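This one's a predicted model, so the numbers in the text were calculated from it and none came from an experiment.
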Amino acid sequence: MVFKDDQFQLEEFSEDYEAAIGYLCEEARALLTTYEADGAQPENLYAMAFQGFSVELTEEKKNQLQKDARVKSIEPDRIRVLGTL
């Protein structure tokens with residue numbers, strides 16, 4: 001799940017990656033709680049190239065979360081090939 005680009009101002013955490021991850025984790029949990037996906041927990045948090053997290057969701061919760069104004073996109077887990085030999 002990727003948050004919209006303007007959702008957070010993480011520049012204040014530029015010197016403290018752990019603080020950025022902690023803040024992002026709180027926001028991810030708040031978003032999941034809003035949609036009563038309390039059992040779902042953020043697994044991996046991403047704060048630098050983009051702001052987001054990985055989480056296991058039901059199709060119903062995914063559809064609800066995709067409509068949230070804070071969410072830019074939700075991508076399924078899949079293998080991507082970066083190049084060929």
Would you indicate whether the side-chain heavy atoms of V55 and Q41 approach each other to under 4.5 Å?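 Not touching, per the 4.5 Å side-chain cut-off.
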Min side-chain heavy-atom separation L32-L57 under 4.5 Å: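 A side-chain contact under 4.5 Å exists here.
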For residues C25 and L45, report the shortest heavy-atom separation together with the two atoms involved.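 Heavy atoms of C25 and L45 come nearest at CB-CD1, 3.7 Å.
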Does anything in residues 51-78 pair up under ring-ring contact (aromatic ring centres under 6.0 Å, His included), and if so which pairs, sequence neighbours excluded?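 Those involving residues 51-78 are F3-F53.
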ring-ring contact (aromatic ring centres under 6.0 Å, His included) pairs, two or more places apart, involving residues 54-84: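 For residues 54-84: none.
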Fellow cluster residues of V2, listed by chain then number, with links counted only when side-chain atoms sit under 4.5 Å apart: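 Noted: V2 shares its cluster with Y46, F50.
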Would you mind listing every salt bridge (Lys or Arg N to Asp or Glu O under 4.0 Å) that reaches into residues 40-60, with sequence neighbours excluded?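 Applying salt bridge (Lys or Arg N to Asp or Glu O under 4.0 Å) to every pair that reaches into residues 40-60, excluding sequence neighbours, yields E59-K62.
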To the nearest 0.5 Å, what is the distance between NZ on K61 and CG on L65?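 So the gap between those two atoms works out to 8.0 Å.
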Run the side chain to side chain contact (heavy atoms under 4.5 Å, CB included) test against A20 and tell me which residues pass, sequence neighbours left out.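 Partners of A20 by the side chain to side chain contact (heavy atoms under 4.5 Å, CB included) criterion, ordered by chain and then number, come out as F13, A47.
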By side chain to side chain donor-acceptor pair (under 3.5 Å), which residues pair with N44, not counting sequence neighbours?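 In terms of side chain to side chain donor-acceptor pair (under 3.5 Å), with neighbours along the sequence ignored, N44 is linked to S54.
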Sequence neighbours left out, cut at 3.5 Å: what donor-acceptor pairs do the side chains of residues 68-75 make with other protein atoms?
residue : atom : partner : partner atom : Å
D68     : OD1  : R70     : N            : 2.7
D68     : OD1  : R70     : NE           : 2.9
D68     : OD2  : Y35     : OH           : 2.7
D68     : OD2  : R70     : NH2          : 2.9
K72     : NZ   : D5      : OD1          : 3.4
K72     : NZ   : D5      : OD2          : 3.3

